[in-house]
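What follows is a set of notes on a single structure, which appears directly below.
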Amino acid sequence: MSSQALERRNSGGYLGRPTPSGLADVIDIILDKGLVIDAYIRVSLVGIELLTIDLRIVIASVDTYLRFAEATNRLDLYEHGGKDLGEAIGDLQQGGAAKKVSGAVQGAKKALTSGGDDDEERPRPRKAASRRRQQEDA
Amino acid sequence: MPEDGSTGWYVYGVVRARDRPLAELLPSLAGMDGGPLEAVTDDDLAAVVTEVIIERPRGRRRDLISHSEVLNALAREHDVVPLLFGTVVADRESIVTGLLADRRPIVADVLARTAGAVQFNLRASYVQDTVLADVVRGNPVIRDLHERTRGIPEGTPHPDAVRLGQLVSEALTLQRHGDSGLLMDAVLPLVRDSRVRERADVAHVVDLALLVDRDSVAMLESHLEGIAEDVHDRMRLNLIGPLAPYDFVQEEAWA
């Protein structure tokens, strides 16, 4: 068990029960959610738009792939080096042929009939069947 | 508050007013700008509101938190239809005509669909290093690229680094497909309704809004605790709530 696993336990359990107190959490929960009525007076929402972009939109691109590569390369799998390499070199160029893939939630719902008690033990699906963007059930 | 048109009514949401004294409807906490919570009723519906200065823009941290605190406090006791953040109406008559009367069918529909239930947000994320290490060990091409790109400074768009990131991203997407499916299969039978919430980062697995019967909350929590324990070496589960049913106002998910 990693040290991370221990420190994230709340109240003796493995299920985290965070109280959403941070701005990003609250925005994530309430923004764009709720009944819209015609009779309202439009009021300006200072700063919300920028935060929305930060939270909701991730375009997979060269930039995104580099983030994955960097996260991978920070791993110290072989117990030598690795962690000191990241002296941040800026000047990231995004002009390349950015393949767009959906950053949205993807997941093929598997037709498990057992309810998953045993299957949840160590789900290691290496071969998910479908790569289509999930639309149903959403 | 001045009565010269410079004030309006911030509307948090709508609850059923029947059979209850109004005072019992309102949580004992301050509302927007520290103002008191009030109820505006029409027949069996009540809008929960606070009188506010219209001119001041809404969007500060305090405003967002106030909106969510009031709605979540209401949701703990009552069925509530949350309104969009930032909804300010000119006067009390407009609340009745524009919301409680005109929108009555929609409000009633949401109240019916969410009656006796609260929302929880369930967020699953990978223990990033563990899952990435699995990906590297499990794929010879990725392992080779990982070895070759270790000397490349971060942020350098070297073709090998881009290729590595792309392959890792694709491998994680496959894992995400499977893991989110397993999780949903385990959880969705326990809830009345659900929505997949959009989210994306390296460690993300799935983010679900769950509409949970109040009677089922303890069972859901206990079940999730078991799942969280089973997967804790590679995944973290966080459950946020109870919340007002923000994601279930729309009958269908947002496209």
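Naming: A, B, ... by sequence-line order, numbering from 1 per chain.
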- Query: Taking atom types as modelled and ignoring hydrogens, do the side chains of B/Arg236 and B/His232 form a donor-acceptor contact shorter than 3.5 angstrom?
  - Reply: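 Side-chain D/A pair, B/Arg236 to B/His232: absent.
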
When only pairs under 4.5 Å are counted, which of [options] shares the most heavy-atom pairs with chain A?
options	answer
B/Leu83, B/Leu71, B/Asn72, B/Val249	B/Leu83
B/Leu239, B/Leu164, B/Ile106, B/Leu145	B/Leu239
B/Gly241, B/Pro245, B/Ala228	B/Ala228

- Task: Test B/Tyr10 against B/Tyr12 for ring pair (Phe, Tyr, Trp, His ring centres under 6.0 Å), laying out the working first.
- Result: CA-CA 7 Å; B/Tyr10 188 93; B/Tyr12 307 92; 5.0 Å; yes

- Query: B/Thr97 and B/Asp102: which non-hydrogen atoms are nearest, and at how many Å?
  - Reply: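 Distance-wise, the nearest heavy atoms are O-CG, 2.8 Å.
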
- Please answer whether the main-chain N or O of B/Asn238 pairs with a side-chain N or O of A/Arg17 as donor and acceptor at a distance below 3.5 Å.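 A pair under 3.5 Å: no.
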
- Message: Is it the case that the side chain of B/Arg103 and the backbone of A/Val36 share a donor-acceptor pair, with hydrogens and angles ignored and the cut-off at 3.5 Å?
- Response: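 Yes: the side chain of B/Arg103 pairs with the backbone of A/Val36.
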
- Query: Side chain, backbone, both or neither: which part of B/Phe120 has a non-hydrogen atom closer than 4.5 Å to chain A?
  - Reply: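 Side chain only.
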
- Is it the backbone or the side chain of B/Gln119 that comes under 4.5 Å from a heavy atom of chain A, or both, or neither?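 For B/Gln119, there is no contact with chain A at all, as no heavy atom is under 4.5 Å.
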
